[in-house]
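Notes for the one structure printed next.
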Amino acid sequence: MLDIKKIRQDPEYFKRGLKTKNSGDKIDELLELDEQRRSIISQSDELKGLRNRVSSEIARLKKAKEDASGKISEMKQVGEKIKAFDDRIKIVDEQIHAIMITLPNLPHKSVKIGFSEKDNETVKEWGEKPQYDYPLKDHLDLAERLDILDFHRGAKISGSGFPVYKKAGARLERALINFMLDLHTQEHNYQEIFPPFLTSRDSAFGTGQLPKLEEDMYLDNADDLFLIPTAEVPVTNLHRDEIIPESQLPIHYAAYSACFRREAGSYGKDTRGLSRVHQFNKVEMVRFVHPETSYQAHEELLQDAEDVLQALNLHYRVVSLCTGDLSFAAAKCYDIEIWAPGSQKYFEVSSVSNFEDFQARRANIRYRRNSDGKVDFVHTLNGSGVATPRLMIAFLETYQTDEGTITIPEILQPYTGFKQIKSQI
RNA sequence: AGAGAGUUGCCGGAGCGGUCGAACGGGACGGUUUCGAAAACCGUUGUACCCAUUACGGGUACCGGGGGUUCGAAUCCCCCACUCUCUGCCA
């Protein structure tokens, strides 16, 4: 949520910013409604003040056994006027709210102005594309030969996009999750959270999934609960409607969760294998920080995510999203794209975003300043650290041997319990 | 799922429909005292919004959420959510 007071102060700034995010301009309409709202509130408040004064006067008269019927009927009139004003306030409030919740966050000034994905900038590459002196297979081919993934049976039991991990594949998946969690909790000082996988409408609103992305989430209609598309939702909402003492900031959480995405409207895109699935595993990092430190925290968070890939020695690049490609709630975002040599493609495995106070406003997450005791919104950030399906793609394709087996890097061996995955065929 | 009890400020805990933004206790903060600390004593102790922005300014709202009754509601009525206890079911 944007700050209506700031919009009031400098509407042109917001108009420009929203334009770079390809968002329609409702600012004038909003300011008109805001004007109305404040005017009606003033009138209503004035009458309420009158009513309060006279009502205590009535109390005094009654106590003194004097006649108050004149004032009572007078206040009855006032009461009706107040009700009329308040009804109008309610309507205008709803109209304002309806607009406010659809306005995306403004991009940070360091973000390149651009229309789409094509304008994103690669800001960094780590490692090099590994070279092989034998022909490479893609992850589907490898997985089939090794019998570690089963897409057909997944489709049978749930539908397409629900892969089944089998045997060494299941173990490898679990190993990756545990490895990442340990890295973040032990090396990067995140507190571990195991969140609920279903959340309320309020929570989904708080992080910005609602109302825009309702169609992308699975909904349990009977209870009006959403299956989480990312642990960001429950973990960020941990502190919804709370005031955090400044001394407790920053707060760093790392959480594993299964993630559920309907991927409505993306049919035909990356449909093969693990590249786009409806259910997947992810370790997510979430930070609640002091507003002044959020951009530093953003860089640290990126590094924490990169560390996963560096530890596994997987080549990747970091892309800074342009204004037009930024998600609804983000002010700035880095995507980490991992190299999959068998597919000869980069796959996005992580999004590292700074939401500034956008989510904090929606979810009402504040902190109390030591200096003056006042409250202000925290800044929230999150980053995947990382999502497993595309990590798995790159992992299998990178560590394949000429025999079609997979070599497990040493750092992961304590987690897998084996050093290689051998062909079953 | 059924029955009952509850939901008040940072916490505990009062609150006949009329100075209740809310007693009392604790905590925290500031001050007095002290070489220092503890104790004691005095004081302070929310959030949002509106107006004014010369101010240490004025006003409104908020006692789980939403409606209603009333001149006036934390207090009465209705709906919903959550928590706890018991019963049932279940991993």
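Throughout, a chain's letter reflects where its sequence line sits, starting with A, and its residues are numbered from 1.
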### Task
Taking atom C1' in both G17(B) and C77(B), compute the distance separating them and give it to the nearest angstrom.
13 Å
### Task
Give a yes/no answer on whether the side chain of Arg38(A) brings an N or O atom under 4.0 Å of OP1 or OP2 in C49(B).
no
### Query
Among U47(B), C71(B), C50(B), which is the nearest nucleotide to the side chain of Lys76(A)?
C71(B)
### Query
On a whole-Å scale, what distance lies between the P atoms belonging to A22(B) and U83(B)?
32 Å
#### Entry: side-chain hydrogen bond (donor to acceptor under 3.5 Å, both in side chains) between Asp86(A) and Ser44(A), intermediate numbers included
CA-CA 7 Å; Asp86(A) 285 353; Ser44(A) 173; 2.9 Å; yes
### Query
So, is Lys90(A) close to the G67(B) phosphate, meaning a side-chain N or O under 4.0 Å from OP1 or OP2?
yes
### Query
Within 45 degrees of the axis of the six-membered ring of Phe205(A) and under 6.0 Å from its centre: does Arg362(A) put its NZ or CZ there?
yes
### Query
Are Arg60(A) and Glu57(A) close enough for a salt bridge, meaning some N to O gap below 4.0 Å?
yes
### Side-chain N,O (Arg37(A)) to OP1/OP2 (C50(B)) below 4.0 Å
yes
### Task
Taking only the side-chain nitrogens and oxygens of Lys5(A), find out if one of them lies under 4.0 Å from OP1 or OP2 of C49(B).
yes
#### Entry: Inter-nucleotide P distance (U44(B), G57(B)), Å rounded
15 Å
### Message
Please tell me if Asn52(A) has a side-chain N or O lying less than 4.0 Å from either OP1 or OP2 of G18(B).
### Response
no
### Query
C1' atom, C76(B) versus U69(B): distance in rounded Å?
8 Å
### Task
Indicate whether OP1 or OP2 belonging to U19(B) is found under 4.0 Å from a side-chain N or O atom of Arg53(A).
no
### Arg60(A) vs G72(B): side-chain N/O to OP1/OP2 distance below 4.0 Å
no
### Message
As a check on the pairing definition, encode RNA chain B in dot-bracket form, counting Watson-Crick and G-U wobble pairs whose two distances are under 3.5 Å, and using | for partners outside this strand.
### Response
((((((((.[[[..)..(.....]]]((((((.......))))))((((((.....)))))).[[[[[..)....]]]]])))))))....
### Query
Which value, in whole Å, describes the distance between the C1' atoms of nucleotides G15(B) and G21(B)?
13 Å
### Task
Mind checking Arg51(A) for me? I need base, sugar-phosphate or nothing, with any heavy atom below 4.0 Å counting as a touch.
sugar-phosphate
